[in-house]
Amino acid sequence: MTEEEKPRSSNFIRQIIADDLSRNKNNGRVHTRFPPEPNGYLHVGHAKSICLNFGLAAEHAGGQCNLRFDDTNPEKEKIEYIEAIKDDIHWLGFDWEDRLFYASDYFEQLYDYAVHLIREAKAYVDSLNLEEMREYRGTLTEPGRESPDRNRSIEENLDLFKRMRAGEFEAGQYVLRARIDMASPNINMRDPTIYRIKKTRHHRTGDSWNIYPMYDYTHCISDALEGITHSLCTLEFEDHRPLYDWFLDQLPVPCHPQQIEFARLNLNYTVTSKRKLNELVDEGHVRGWDDPRMPTIVGMRRRGYPPAAIRDFCERIGITKNDTVIDMSVLENCVREELDRTTCRVMAVINPLRVVITNFPEDQEELLDAPYHPNLPEMGSREVPFSHVIWIERDDFMEDPPKKFFRLAPGREVRLRYAYFITCEEVIKDDSTGEVVELRCSYDPQTRGGSAPDGRKVKGTIHWVSAAQALETEVRLYDRLFTVPEPGRLEDWRATLNPESVRIISGAMLEPGLLQAKAEESFQFERLGYFCVDAKDSKPDRPVFNRTVTLRDSWVKQNKSS
RNA sequence: UGGGGUGUAGCCAAGUUGGUUAAGGCACGGGGUUUUGAUCCCCGCAUUCCCAGGUUCGAAUCCUGGCACCCCAGCCA
C-alpha cells in the first residue's frame, strides 16, 4: 500500500496534460521544471510546487522534471541557498538526476537573442531613469507614453547594448526594453525592461557580466531551451503569460512551452512569504530558518514532519486557481497518519509527579516487556524497568476529580501501561504551598503485564517511567506560531505572534532506552504525541526532543466544551 | 472609467460533452472496539452549487445581468 497506489484526484493541470497527450502534442512528452530563485529557504508553499512538478513528471511514462535555479539577480542570491534547496528537494523525496540547470548557464544565449530582438526592431536601449520610466508607464487606467528613445536606430541600439555589456555605463544609465505596446491594458506589455546594468559579482558567473536579464525574458527562454512542455507557476504570473508567449513568438527558440498558473498555498496560523519568514529570522522571533515552528522545509524537517506526510498533504489539498487558506489540521492529520504507522511507542513523562510503590521492595528492579506498536507486532518490543519509585504525569492525578476522569485519584486504581495496577493510598503535599509532591500507592503483583486474573477492570491506563533508570532531558513543546488564522493579512502581523509557541521542558523523564535514539528519529511518547530527536541540540548522552504534533485528544476537547 | 483571475458545506475539493439520491478529505457531532481518552470501525453532516433572471422535459454544468474577493503600475522573482 505505497502512496503511489493511492488514487489521485483529478485537477485541471492533469486534465490539460491528459488532453495534450491524447492529441500527441509535444510528441507525447511531459517535461516540467522547478525553478527556485536561490535567495532564501524553501517553505511549504514551495513543497506544493515541487510535488506538483516532480509528481506530474513521475506519473507519466518518460516524464522528466528539471531543477533550474533562476539566478538572474546576483544582488539577492547566494551560493549557500543553492545547496540548501537541493538538500530540501532530495529530502522531500524527489530527484532531478542529471538535469540541474541555472538560468545563468544561458546568459550568452540570452544575450544573442536580445541582439536578435534589437535587429528586428523589437527591442531598444532606453535612457529613461527610474522615475521617468514609472511616469511614462501610465497607470492602471491610463495608457503609457512612448519613450523618446523608442525609435533609436538599430545600429545605435546594437552599439549601446554592446557597450552596456562591456561595462561602459553605470547601473541605471541605460536599460534594454522590449518594444511592444505602451498603450496595452496589460502593464506588463508596456515595453518591459529585459536587461539592466548591474555591476554585481554573480555567484556563478563571477565578474563576466555587467548586465543581467530580467525574469520575464529569461524564464520563457530557459523553458524553451530545456524543452519544457508545461511551465507551471503561481497565479500572480497570469498577467505575464502574454509576455511569456510574446518573447517565444519573436525568437527562433526550439519550442514553445505552455505556461499554466495555479494558486499558491496558504496555511492558517502561519505565514508563507519569503519576506515575512526572513523578517521572523532577522528580528529574532524564531531561532533560525530551521526553527521547528517555521513552515520552511528545514523547519518542518527539524520538527519531525516526515517527507511522506508532506507529499501526502500536497496531494490532498489539490491544485486549483482558487485563492484559499488550508487548515493546519489537514497537514497535522497527514503527519499523524504517517507517524502512526511508522513510529515506535515509548514512554516519557513531561511533567513528573513522584509515585512511591509502597509494597514494592526498595532495592529491587524488574524488567517488563512492552511492545513497540500495539497494532503492529512485527515492530517488536523492548524491556522497560520498574522499581520502587516511578514518575507519572501530573495531569494523570486529580485530588478531586470530575465524574468522567478515569485516571488516578485518592483511593482509585489504574493500570500502569504494560506493568501493574496501582491504587493511590496517600497524597503527600508540601506543607507550605499545599502542592501535591508525592503519591503513595500500592501495586497488585497479580496484575503483572496489565491484566488481573480475577477479571477486574480499571477505567484508566497511564504511562510512567521508573525513576532510578529514567533519562532526564529536555523536551520542547511547540504550538502554532501565530494566534490568528491569517496573520499575513494584517499590517501589524508581528503583534499576533504566539508567545507560547514553544515551551521548553528541562526535566522530562524518559524511559532509558531512548538514550540510543538517533538524530531525527521519531517516536510516539504514549498518550502525549509524536516527538523526534533534535538534530542540532542533542548530545550523545543527552538527546533533546521536539514535539512534532500531539495525539488527538478527546479528553481535553471534552473539558474545553464543558 | 483599465486588464487578468476566482466563486460548490466551517476549511479544502471532485463534478464542467446539461440527465441518478452533488464524490472524497479535514474539522465537527454520535456510537462501537481498545492495556494510549490514540489508532481502527460504523453513522451523521450542502433539497443545493455567489445572487437574480432566462433556455430546457431536465442546469452546479448553457445564456444574460449583477455582486463579492484576489492579482497587476520593480531596472524583484
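The chains referred to below are lettered A, B, ... by the order of the sequence lines, with proteins before strands, and numbering in each begins at 1.
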Looking just at side-chain N and O atoms, do [X] and [Y] make a donor-acceptor pair shorter than 3.5 Å?
X	Y	value
A:Asp327	A:Ser329	yes
A:Glu75	A:Tyr212	no
A:Glu226	A:Tyr106	yes

Using OP1 and OP2 only, check whether a side-chain N or O of [X] sits under 4.0 Å from [N].
X	N	result
A:Thr72	B:C76	no
A:Thr320	B:C12	no
A:Gln259	B:G4	no
A:Arg196	B:G74	no
A:Arg137	B:C75	yes
A:Lys321	B:C12	no
A:Asn322	B:G7	yes
A:Arg316	B:G24	no

| How far does the P atom of B:C42 sit from the matching atom of B:A52, given to the nearest Å? |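 My reading of the P atoms in B:C42 and B:A52 gives 38 Å.
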| request: Grab the two heavy atoms, one from A:Phe237 and one from A:Gln259, that are nearest each other, plus how far apart they are. | output: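 Scanning both residues completely, I find the closest heavy atoms to be O-NE2, 3.0 Å.
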| request: Would you classify A:Val458 as touching base, sugar-phosphate or nothing, given that sugar-phosphate means primed atoms plus P, OP1 and OP2, and contacts are heavy atoms under 4.0 Å? | output: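 Answer is nothing: A:Val458 stays at 4.0 Å or more from every strand.
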| request: Flag yes if more than 12 heavy atoms outside A:Arg196 fall under 6.0 Å of its CZ atom; otherwise flag no. | output: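 Count over threshold, so yes.
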| Is the ring of A:Trp555 stacked on the base of B:G37, with centres less than 5.5 Å apart and planes under 30° off? |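 Stacking between A:Trp555 and B:G37: present.
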| request: Just label B:G74 as syn or anti from its O4'-C1'-N9-C4 or O4'-C1'-N1-C2 angle, using within 90° of 0 for syn. | output: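 Syn conformation for B:G74.
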Base of [N] paired with side chain of [X] (donor-acceptor, under 3.5 Å):
X	N	answer
A:Asp239	B:G3	yes
A:Gln524	B:U36	yes
A:Arg527	B:G37	no

| If we call it a pair only when both distances are under 3.5 Å in a Watson-Crick or G-U wobble match, what pairs with B:A23? |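 B:A23 is paired with nothing.
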